[in-house]
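Residues take their numbers from the sequence shown, with the count starting at 1.
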Amino acid sequence: MNNPSVDAVVIGTGIIGAMAAHYLREDGRTVLMIERGEVARGASSGNAGILAFPEIIPIAAPGMMWKAPKWLLDPLGPLSLPPSYALNMAPWLWRLWRASARPAFERTVAIHAGIMPLARSEMLRVIERAGLKAMVSRTGTLDLYDSEASFDAAAADWAAKRRAGFEFRRVGRSEIDALQPGLAPQFRHGMFTPDGLQVSDPYEFTKALVDHVIARGASIRIGEVTGFEPTATGARVMLADGSAFEAKTVVLAGGAWSKAIAASLGDHAPLETERGYNTTLPPGAFPLQRQLYFNNHGFVVTPLSSGIRVGGAVELGGLRMPPNYKRSEAMLKKAKDFLPDLKTEGGRQWMGFRPSLPDCLPVIGPSGATPAVIYAFGHGHLGLTQSAATGRLVADIAAGRPSSLPIEPFRISRFR
């Protein structure tokens with residue numbers, strides 16, 4: 001078997017893999033990126049394009065499991081679990097329930113509050129150095145609530161965000177109308193975050209970063225990675241076609257496909273997929289001014305260069321079940337109710353796999369089998385947001401220097 005040797009291999013060309021490759025190249029490492037499908041076309045291409053730095057509140061929150069049965073009764077609601085997949089999800093849901101206990105929840109909030117400043121500063125640095133400034137705009141974020149009661153119910157979350165240093169203000173109907181004309185009259189309560197940043201198109205942004213890394217000397221190989229083996233000088237990466245590469249450093253940023261690859265080294269992460277859905281309507285479908293969060297309904301509407309994206313919700317269905325685009329249609333119907341002038345014709349539907357861990361934290365850190373393999377996966381809804389911080393930490397670990405942030409909370413060993 002031919003085992004060509006390279007300096008660093010990065011598995012995955014989503015936003016996490018692209019950021020890891022960028023930082024490794026900045027450290028002077030030669031980089032080979034391996035992609036199982038089309039470059040930048042995984043979950044990173046279908047997100048809402050929001051740089052959601054204030055989103056420090058995890059899904060696993062106190063009281064969440066009491067709400068879940070109500071959500072699950074609605075097959076098109078914000079959370080869906082097909083009966084055929086329920087048994088597969090039981091261990092993950094058990095861990096999610098444990099993570100929603102008050103002490104675990106507060107710890108997770110603190111960890112996210114700790115990583116977000118690094119995520120923001122490093123993202124702004126990458127945008128500048130990679131020439132991506134034209135792809136990011138300061139639109140501001142408008143969080144909307146159906147009633148005063150639902151707004152008040154979120155008070156503790158907003159207080160936690162304020163303690164973490166994020167700035168926002170409460171807005172009533174008159175200011176909501178000024179910030180975003182055309183909303184249905186039920187929305188009289190909201191929060192506005194002036195610093196909300198929007199990526200013009202998440203696929204184009206990720207692809208541009210990959211192209212930047214390639215222009216600086218990285219290369220790409222299309223192939224499916226099946227596993228790793230430690231070697232005396234690093235690790236061997238094995239592909240499904242029988243080929244292999246030996247490298248001093250290997251970064252696993254394979255998103256939802258990372259679980260099986262990490263298991264080849266005896267590292268077991270309870271990774272599952274939150275299948276996300278969206279519809280991207282043509283430009284001109286609505287005069288959208290900024291990011292809109294419909295907090296009581298689990299979806300967002302965001303302005304992209306390619307149109308208006310309506311997306312969100314969670315379907316726990318693994319990697320093999322066929323898409324249920326009725327979920328996209330249900331969100332689009334609600335969006336029409338909330339934005340009556342929205343033109344819903346001509347949209348493109350999409351479904352993708354958010355790689356999610358039940359404690360709502362990613363895995364970032366070395367394998368338990370060899371320090372040559374570094375994990376960077378499981379970011380759930382925050383992959384784009386936390387990507388630059390992850391790339392910075394991966395490069396720190398690979399170089400053996402003190403990391404920019406303690407990595408203990410992110411190690412895969414926490415699941416033992």
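In this structure the side chain of F286 never reaches within 4.5 angstrom of the side chain of K343, judged on heavy atoms. Contact of the L144 side chain with the Y293 side chain is not registered, since no non-hydrogen atoms from C-beta on lie closer than 4.5 Å. Counting heavy atoms from C-beta outward, Y375 and P366 have side chains that stay 4.5 Å or more apart. Between L93 and L81, the closest side-chain pair of non-hydrogen atoms falls below 4.5 Å. Side-chain contact check for V301 versus I308: some heavy-atom pair is nearer than 4.5 Å. Counting heavy atoms from C-beta outward, I34 and L32 have side chains that approach closer than 4.5 Å. With a 4.5 Å cut-off on side-chain heavy atoms, V126 and L209 count as touching. Side-chain contact between R348 and S306: present, with at least one pair of heavy atoms (C-beta onward) separated by less than 4.5 Å.
Of the N and O atoms on the side chains of R309 and T280, at least one donor lies less than 3.5 Å from an acceptor on the other residue. For T302 and Q291, the side-chain atoms include no donor-acceptor pair closer than 3.5 Å. In this structure, a donor-acceptor pair under 3.5 Å is absent between the side chains of E55 and H112. No hydrogens or angles considered: a donor-acceptor pair under 3.5 Å links the side chains of E35 and T13. Side chains of H379 and T390: a donor on one and an acceptor on the other come within 3.5 Å. Residues H297 and D146 bring a donor and an acceptor atom of their side chains to less than 3.5 Å of each other. Residues Y277 and Q349 have side chains that never bring a donor and an acceptor to within less than 3.5 angstrom of each other.
Without hydrogens or angle criteria, E122 side chain to A388 main chain gives no donor-acceptor distance under 3.5 Å. The backbone N or O of L382 lies less than 3.5 Å from no partner atom in the side chain of T385, so there is not a single donor-acceptor pair. The main-chain N or O of L239 is never found under 3.5 Å from a side-chain atom of S243 such that the two would form a donor-acceptor pair. A side-chain donor-acceptor contact under 3.5 Å links T226 to the backbone of M238. One N or O on the side chain of T231 and one on the backbone of G234 form a donor-acceptor pair closer than 3.5 Å. For the pair S137 (side chain) and T139 (backbone), a donor-acceptor distance under 3.5 Å is absent. Of the possible donor and acceptor atoms, one in the side chain of S44 sits under 3.5 Å from a partner among the backbone N and O of I15. T273 places a side-chain N or O within 3.5 Å of a backbone atom of G318 that can act as its donor or acceptor partner. Between the D27 side chain and the R29 main chain, no donor and acceptor come within less than 3.5 Å of each other. Counting only distance, with no hydrogens or angles, the side chain of W97 and the backbone of A60 share no donor-acceptor pair below 3.5 Å.
Between S305 atom OG and Y203 atom OH the span is 12.0 Å, to the nearest 0.5 Å. In this structure, the separation between OG on S150 and NE2 on H189 is 7.5 Å, given to the nearest 0.5 Å. Taking OG of S258 as the reference point, atom CG of L271 lies at 6.5 Å (rounded to 0.5 Å). Distance OH/Y325 to CG/N278: 9.0 Å, rounded to 0.5 Å. Note: M331 CE to F338 CZ = 12.0 Å, rounded to the nearest 0.5 Å. Between the NZ atom in K161 and the CG atom in D143 there is a gap of 5.5 Å [rounded to 0.5 Å].
Residue P62 comes nearest to F105 through the heavy atom pair CD-CG, 3.4 Å, listed as atom of the first residue, atom of the second, then distance. Closest approach of A18 and V213 over heavy atoms only: O-CG2, 4.1 Å. The two residues G14 and T206 come nearest to each other via the heavy atoms C-CG2, 3.7 Å. In plain terms, the two heavy atoms of A398 and L24 that are nearest each other are CB-CD2, 3.9 Å. Taking all atoms of both residues into account, the shortest heavy-atom contact from D195 to R120 is O-NH1, 4.3 Å. What you find for L265 and S367 is that their closest heavy atoms are CD1-OG, 3.6 Å.
Around the CZ atom of R169, the shell of radius 6.0 Å holds more than 12 heavy atoms that belong to other residues, nucleotides or ligands. Environment of CZ in R129: sparse, with no more than 12 heavy atoms of neighbouring residues, nucleotides or ligands closer than 6.0 Å. Within a 6.0 Å sphere centred on CZ of R401, heavy atoms belonging to other residues, nucleotides or ligands number more than 12. Within 6.0 Å of atom NZ in K248, 12 or fewer heavy atoms from other residues, nucleotides or ligands are found, so the atom counts as exposed in its surroundings.
The aromatic ring centroids of F353 and W257 lie less than 6.0 Å from each other. Within the 6.0 Å centre-distance limit, the rings of F187 and F294 are counted as a close aromatic pair.
Under the 30°/60° scheme for interplanar angles, the aromatic rings of Y145 and F151 are found to stand perpendicular.
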task: Test side chain to side chain contact (heavy atoms under 4.5 Å, CB included) on L339 and L292 and set out the steps.
output: CA-CA 11 Å; L339 302 165; L292 302 181; 4.1 Å; yes

message: As a quick check of understanding, evaluate side chain to side chain contact (heavy atoms under 4.5 Å, CB included) for S219 and M33, giving each step before the final call.
response: CA-CA 6 Å; S219 57; M33 306 181 76; over 6 Å; no

Test log, rule salt bridge (charged side-chain N to carboxylate O under 4.0 Å, His left out), inputs R25 and D7: CA-CA 11 Å; R25 280 297 302 132; D7 188 17; over 6 Å; no

message: Pair E274, E315 - check side chain to side chain contact (heavy atoms under 4.5 Å, CB included), show working.
response: CA-CA 5 Å; E274 296 180 45; E315 180 184 58; over 6 Å; no

message: Quick one, D359 with R414, criterion salt bridge (charged side-chain N to carboxylate O under 4.0 Å, His left out). Give me CA distance, side-chain angles, the key distance, then yes/no.
response: CA-CA 10 Å; D359 61 358; R414 72 185 190 265; 2.6 Å; yes

- prompt: Would V373 and T249 count as a side chain to side chain contact (heavy atoms under 4.5 Å, CB included) if you check the C-alpha gap in whole Å, the side-chain angles of each, and the deciding distance to 0.1 Å?
  reply: CA-CA 6 Å; V373 174; T249 299; over 6 Å; no

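A cation-pi arrangement is found for R162 relative to F168, the charged atom lying closer than 6.0 Å to the ring centre and inside a 45° cone about the ring normal. Stacking of R236 on the aromatic ring of F245 is not recorded, the 6.0 Å distance cut-off and the 45° axial limit not both being met.
For the pair D396 and R392, the salt-bridge criterion is met [side-chain N within less than 4.0 Å of a carboxylate O]. Salt-bridge formation is not detected for the pair R354/E272: no Lys NZ or Arg NE/NH1/NH2 atom is positioned less than 4.0 Å from an Asp or Glu carboxylate oxygen. Under 4.0 Å is where a charged nitrogen must lie from a carboxylate oxygen, and between K207 and E204 no such pair does. Taking 4.0 Å as the cut-off between side-chain N and carboxylate O, R411 and D267 do not count as a salt-bridged pair.
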